[in-house]
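In this text, all values refer to a predicted model and were calculated from it rather than measured experimentally. These values consider heavy atoms only, across backbone and side chains, with no hydrogens, waters or symmetry-generated copies.
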Amino acid sequence: MRFGADAGGEMSLVFSVTAAAVAAGCGWHAHRVAGRFPAASEPQAAATAAARASVARPAGRRAPVLTALLTGTLVLLVMIRLHQELPAIACGWLVTCGVPLAIIDLRVRRLPDPLTGGCFAGIAALLIADAAVGGQWQDIGRAAAGAGAAALFFAIAAVAKPGSSGLGDAKLSLSTGALTTWFGWGVLLTSAFAAFLLAACYGLGMLAVGRASLRTGSLPFGPFLLAGCLAAVLVRGAAGA
């Protein structure tokens, strides 16, 4: 019997709830973590001051509770849906790192290196460990190729058309690319499609309410990259991954 699994090979309820509780504790501090990353630069001083004030402003009593509930619920869903322990923990790690990353990107259009790097390091370590346990080295090879392909795509986009994406998206896609491609190339493509679809819907909504324009509007793509990855992996898990 592998750790965290019952006699049938599936995640035990105790292990799943414990993982969700730990993640919820991390989610409680997501806003505090996000507040440590103010905007690096803005074209106007007024925009800089406004962005920093927004980050520094107390999030209120409900925000930590909501982020804790969101993080814990998502991790619990991951643990219930996925039947491979270490990949499930890797996905839970993506959620735990992804909540503060999404908050920061939505607020100040940044994906800080400490969080994207820590996210990728944890996912890589867990997937390598699972490959070593099961002897499935072809899976880790495919995951590495998927991570590289996703990162290269966003890096080229950032250089070719500044503003369409950033290098932070390329660094985050190392994590989402590795995790999705672990389950198959089709999961990576599904993740990318879902991310761009969600971003397009968000952009159209912002245009509709007058909070963005076709000339100057920019989207924080990190939250959609994370959401697309999570959705694709959960759908694959529900199908019996």
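Checking side-chain atoms of Thr71 against main-chain N and O of Ala68 turns up no donor-acceptor pair under 3.5 Å. A donor-acceptor contact shorter than 3.5 Å links the side chain of Thr116 to the backbone of Asp113. In this structure, the side chain of Trp182 does not engage the main chain of Ala144 through any donor-acceptor pair within 3.5 Å.
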Check your understanding: How far apart are the C-alpha atoms of Arg110 and Asp105, what are their side-chain angles, what is the distance that settles it, and do they pass the salt bridge (Lys or Arg N to Asp or Glu O under 4.0 Å) test?
Key -> CA-CA 5 Å; Arg110 290 185 62 196; Asp105 202 18; over 6 Å; no
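Annotation: side chain of Pro87 is in contact with side chain of Phe183 (closest heavy-atom distance under 4.5 Å). Residues Phe15 and Glu85 are not in side-chain contact: their nearest non-hydrogen atoms beyond the backbone lie 4.5 Å or more apart. A heavy-atom distance below 4.5 Å is found between the side chains of Pro112 and Leu101.
Atom CG of Leu76 and atom OG1 of Thr18 lie 10.5 Å apart (nearest 0.5 Å). The CZ atom of Arg142 sits 9.0 Å away from the CD atom of Gln136 when rounded to the nearest 0.5 Å. The distance from the OG1 atom of Thr96 to the CD1 atom of Ile89 is 11.0 Å, given to the nearest 0.5 Å.
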Side chains of residues 150-158: which donor-acceptor pairs under 3.5 Å do they make with residues two or more places apart or in other chains?
none

Listed pairs under 3.5 Å, donor-acceptor, residues 185-205 side chains, sequence neighbours left out:
unit_1, atom_1, unit_2, atom_2, d
Thr190, OG1, Gly186, O, 2.8
Ser191, OG, Cys229, N, 3.2

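Remark: Leu66 CG is packed, more than 12 non-hydrogen atoms of other residues, nucleotides or ligands lying under 6.0 Å away.
Tested against Val95, the residues Leu226, Thr73, Leu230, Leu77 include a single side chain to side chain contact (heavy atoms under 4.5 Å, CB included) partner, Leu230.
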